[in-house]
*Asks:* 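The structure under discussion is supplied below as structure tokens; questions concerning it will follow.
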Amino acid sequence: MGTAQAGQTDTEQVVFPPPPSFSEQAGVCSMQQYQQMWDDAADDPEGFWGRLAKEELYWFHPFDKVLEWNEPYAKWFTEGKTNVSYNCLDVHLDSWRKNKAALIWEGEPGDTRTLTYAQLHREVCKFSNVLKALGVEQGDVVSIYMPMVPELAIALLACARIGAIHSVVFGGFSSEAIAERNNDASAKILLTADTGWRRGSQLPLKETVDKALEKSPTVEKCIVYRRTGSEVNMVAGRDLWWHDLMESASPDCPAEPLESETPLFILYTSGSTGKPKGIKHTTAGYNLYAKMTSRWVFDLKDTDVYWCTADIGWITGHSYIVYGPLSNGVTAVMYEGAPNWPDESRFWDIVDRHQVTIFYTAPTAIRAFIKWGDQHVEKHDLSSLRLLGTVGEPINPAAWMWYHEKIGKRRCPIVDTWWQTETGGIMMSPLPGATPTKPGSCTRPLPGIIPQIVDEKGNELGTGQQGILVITKPWPGMLRGIWGDDDRYKQQYWSTIAHNYLAGDNAMCDADGYYWIYGRLDDVLNVAGHRLSTTEVESALVSHPSVAEAAVVGRPDDVKGEAVAAFVTLSSGDANEDLRKQLKQHVRQQIGAHAQPDDVRFAALLPKTRSGKIMRRLLRDIAAGKETIGDTTTLEDYSVLASLRSDEE
Ligand code: WTA
């Protein structure tokens with residue numbers, strides 16, 4: 001492996017060793033140490049996880065078996081009794097951390113609140129009692145549709161405390177989507193707020209919930225948190241104000257000792273079909289995995305101010321705003337609003353004012369920052385930062401380099417973390433004090449994780465070959481099923497490649513044992529017999545100075561099987577024929593003739609879900625000249641579709 005050289009343009013070949021000053025202070029400070037941990041875990045997974053579980057979780061009753069594996073069903077730490085809320089809160093109360101900031105919250109209008117561990121504990125206990133008083137019992141499902149306020153975290157921890165199962169529905173979903181999830185999970189209670197702030201205007205959360213509740217027969221009560229003070233309709237007998245209930249609630253609520261496999265939450269995620277899947281996670285294994293991966297990947301220290309910009313409506317927020325950081329007793333920042341409100345420097349302003357040390361965000365956000373311009377970054381002092389992270393999609397090397405230079409000032413390691421809703425926590429990532437990084441690679445698996453790249457028959461592929469990414473051994477954070485649908489669980493994750501967990505991603509392992517994720521398997525194109533990753537083509541397009549963002553899909557082609565269709569948003573330059581030609585040529589230069597897009601369409605925006613994922617299925621329909629079919633309820637902006645269709649070549 002070479003090392004970083006100034007002016008080197010072929011960024012995929014560049015290697016960035018951890019800065020020595022970072023390694024010196026890191027929990028895992030060398031590749032030897034990482035390798036030792038990984039080998040230990042691989043040689044004796046049950047010994048490895050069993051030891052950590054004993055040391056890192058509080059047990060009301062000890063477990064007697066580390067793993068019962070009845071493929072594809074795992075039970076971790078059987079007979080043990082613990083409680084996630086206890087592990088996140090109570091364990092800190094008899095230490096100096098009692099009065100340490102647990103959450104530093106900032107609202108979009110600029111209001112702030114800080115909750116210490118003791119204060120957070122008190123609020124959680126009170127809200128647990130509120131839930132109990134409404135008849136919520138262990139195993140009941142509580143649906144949560146709230147803005148990013150501390151009460152959202154409080155709600156999660158309160159459910160965990162009493163053994164209720166939370167199902168968070170991201171605050172951007174429609175009433176139809178909420179009702180579908182309520183019904184699938186048979187939710188008993190729904191938590192919401194009057195309205196939520198978004199770019200200075202208000203999201204009508206309660207109004208949306210009112211419509212959803214017309215179609216949610218299992219929901220008995222709706223608890224409404226007053227965030228903005230907007231007037232909302234309250235239905236007598238069904239709707240209750242959060243503050244009224246909290247007023248009389250007792251702050252005394254011991255955490256319930258819960259069996260290790262007690263369901264902790266359901267989180268709905270999209271599959272290849274239109275119907276969302278309720279991914280199920282349970283108590284002890286998930287808790288341990290979120291805790292350990294947070295500590296390893298973010299090198300957490302008591303002095304850190306850690307900020308994950310995700311929404312708690314997604315798995316990243318569950319594991320890396322709430323459960324992972326709080327289990328480690330760290331101070332976590334939580335921000336309510338948009339990154340471009342009141343202007344595009346908001347994130348950097350937050351980093352500066354709260355002296356954030358660890359910053360974890362998504363590549364799509366990074367590409368937005370690039371598009372908005374460096375002047376917004378340069379207004380603020382980012383010298384408090386020591387570590388950067390990304391999650392959610394492959395990061396193109398150009399975005400990685402910008403992040404490294406403009407945000408990290410070439411000082412901060414970047415952890416590109418690969419994982420999924422299903423995996424519960426990070427599966428592959430650099431350890432920042434140990435792993436030399438390569439832009440665009442999530443590097444190596446974490447201890448206890450054994451990935452493999454295989455072909456359709458399950459044969460292991462060699463170095464440098466793209467194939468199907470599977471995980472060969474169970475791990476504590478793994479999903480325990482799809483809510484109410486065992487068949488789909490078996491069929492989607494365990495039947496394509498026998499005895500292996502199918503991640504659904506296309507990946508490659510290079511000669512250094514580094515993994516490169518090329519996107520979902522269904523995004524792999526076969527162009528005239530060449531296997532081609534859409535992500536690879538996108539990365540090439542984005543490396544052109546005029547391109548802000550690109551999405552590439554396949555469309556049927558009589559001669560080549562599939563042709564490459566590219567949808568491009570520009571950061572500069574004019575959307576004209578000349579640029580179209582240039583971009584095709586650029587991709588040809590970057591990858592090869594087989595990758596040259598057949599179509600390049602310019603668009604002001606790409607169709608995205610509210611979580612920022614590009615909706616490729618829609619693009620495939622548009623590229624093929626078909627009417628868009630299937631579920632579009634997660635699309636953020638419908639007008640995007642019309643504008644994409646109109647840019648025909
Ligand atoms: C993709 C988000 C490349 C991948 C935590 C995965 C990534 C899907 C990365 C899961 C990464 C996530 N590099 N691809 N670092 N992280 N992905 O369930 O395709 O929202 O299968 O979980 O995102 O998305 P999910």
Side-chain angles (χ1 to χ4, degrees), residues 168 170 172 265-272 276-281 286 289-290 293-294 297 308-321 323-324 360-367 388-397 399-400 403 414-430 435 437-446 449 451 466 468-471 477-479 482 492-493 496 501-509 514-524 533-536 538-539 551 608-617 634:
V168 183
F170 172 64
F265 66 85
I266 309 169
L267 187 58
Y268 285 88
T269 185
S270 331
S272 43
K277 308 182 269 195
I279 303 300
K280 181 170 86 175
H281 285 286
Y286 171 82
Y289 200 67
T293 53
S294 300
V297 172
C308 165
T309 70
D311 193 291
I312 291 177
W314 310 113
I315 190 69
T316 304
H318 282 56
S319 301
Y320 298 111
I321 296 177
Y323 294 119
Y360 187 35
T361 197
T364 189
I366 295 169
R367 290 193 298 267
L388 305 175
T390 70
V391 58
E393 54 183 312
I395 181 163
N396 49 296
W400 196 102
Y403 200 31
I414 297 179
V415 288
D416 174 351
T417 64
W418 175 83
W419 59 296
Q420 310 177 298
T421 304
E422 292 88 338
T423 68
I426 297 166
M427 301 289 276
M428 294 199 262
S429 168
T435 318
T437 52
K438 302 184 192 183
S441 167
C442 60
T443 75
R444 303 276 291 263
L446 296 187
I449 302 307
Q466 271 190 42
I468 299 169
L469 172 63
V470 296
I471 307 296
M478 67 188 277
L479 77 164
I482 295 177
Q492 292 231 309
Y493 300 107
T496 310
Y501 167 80
L502 179 79
D505 279 341
N506 169 32
M508 178 271 275
C509 182
Y514 277 39
Y515 287 83
W516 299 77
I517 309 289
Y518 295 115
R520 302 292 301 181
L521 280 165
D522 36 17
D523 295 330
V524 179
S533 154
T534 53
T535 317
E536 233 176 319
E538 285 163 8
S539 203
K608 289 189 183 167
T609 63
R610 296 186 185 98
S611 64
K613 283 216 166 75
I614 294 169
M615 297 181 79
R616 291 164 194 290
R617 185 173 47 73
T634 55

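Just follow the structure's listing: the first ligand is 1, and inside any ligand the first atom is 1.
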*Asks:* Taking only residues two or more places apart in sequence, or in another chain, which ones meet Asp416 in a side chain to side chain contact (heavy atoms under 4.5 Å, CB included)?
*Replies:* Thr390, Ile395, Cys442
*Asks:* Out of the candidates Val391, Leu388, Ile366, only one should pair with Thr361 under the side-chain contact (heavy atoms from CB on, under 4.5 Å) rule; please name it.
*Replies:* Ile366
*Asks:* Could you tell me the residue and atom name of the protein heavy atom closest to atom 4 (C) of ligand 1, and the distance to it rounded to 0.1 Å?
*Replies:* Asp505 OD2, 2.9 Å
*Asks:* For Trp418, enumerate each residue passing the ring-ring contact (aromatic ring centres under 6.0 Å, His included) test, keeping only those at least two apart in sequence or located in another chain.
*Replies:* none
*Asks:* Would you mind checking which non-hydrogen protein atom is closest to atom 16 (N) of ligand 1, with the distance to 0.1 Å?
*Replies:* Gly392 N, 3.1 Å
*Asks:* Suppose we measure from atom 18 (O) of ligand 1 to each protein heavy atom; which comes out shortest, and what is that distance?
*Replies:* Thr421 OG1, 2.6 Å
*Asks:* What is the closest protein heavy atom to atom 20 (O) of ligand 1, and at what distance does it sit?
*Replies:* Lys613 NZ, 3.0 Å
*Asks:* Polar-atom distance check: Thr269 versus ligand 1, any N or O pair below 3.5 Å?
*Replies:* no
*Asks:* Do any nitrogen or oxygen atoms of Thr390 come within less than 3.5 Å of a nitrogen or oxygen of ligand 1?
*Replies:* no
*Asks:* Among side-chain atoms of Thr417 and Ser429, is any donor-acceptor pair under 3.5 angstrom?
*Replies:* no
*Asks:* Counting from 1, what ligand 1 atoms have a heavy atom of Asp416 closer than 4.0 Å?
*Replies:* 11 (C), 13 (N), 15 (N)
*Asks:* Which ligand 1 atoms, with their elements, are less than 4.0 angstrom from a heavy-atom of Thr417?
*Replies:* 9 (C), 11 (C), 15 (N), 16 (N)
*Asks:* How long is the gap from CD1 on Ile449 to CE on Met427, to the nearest 0.5 Å?
*Replies:* 4.0 Å
*Asks:* Considering only non-hydrogen protein atoms, determine which one is nearest to atom 5 (C) of ligand 1 and report residue, atom name and distance to 0.1 Å.
*Replies:* Trp419 CE2, 3.4 Å
*Asks:* Any non-hydrogen atom of Met428 lying under 4.0 Å from ligand 1?
*Replies:* no
*Asks:* Please work out whether the ring planes of Tyr286 and Phe265 are parallel, tilted or perpendicular, with thresholds of 30° and 60°.
*Replies:* perpendicular
*Asks:* Given that the side chain starts at C-beta and the backbone is N, CA, C, O, which of these parts of Ile517 lies under 4.0 Å from ligand 1, counting heavy atoms, or is it both or neither?
*Replies:* side chain
*Asks:* Atoms of ligand 1 less than 4.0 Å from Pro394 heavy atoms?
*Replies:* 3 (C), 13 (N), 14 (N)
*Asks:* Does this structure show an ion pair linking Arg367 with Glu393, if we count only N-O contacts that are shorter than 4.0 Å?
*Replies:* yes
*Asks:* Take Tyr518 and Gln466 through the side chain to side chain donor-acceptor pair (under 3.5 Å) test and state the conclusion after the steps.
*Replies:* CA-CA 9 Å; Tyr518 295 115; Gln466 271 190 42; 4.8 Å; no
*Asks:* Distance under 4.0 Å to a non-hydrogen atom of Val391: what atoms of ligand 1 satisfy this?
*Replies:* 5 (C)
*Asks:* Does Cys442 reach ligand 1, in the sense of a heavy atom lying below 4.0 Å from it?
*Replies:* no
*Asks:* Just distances here: any N/O of Gln420 and N/O of ligand 1 closer than 3.5 Å?
*Replies:* yes
*Asks:* Taking atom types as modelled and ignoring hydrogens, do the side chains of Tyr514 and Thr435 form a donor-acceptor contact shorter than 3.5 angstrom?
*Replies:* no
*Asks:* For the rings on Trp419 and Tyr320, is their centre-to-centre separation under 6.0 Å?
*Replies:* yes
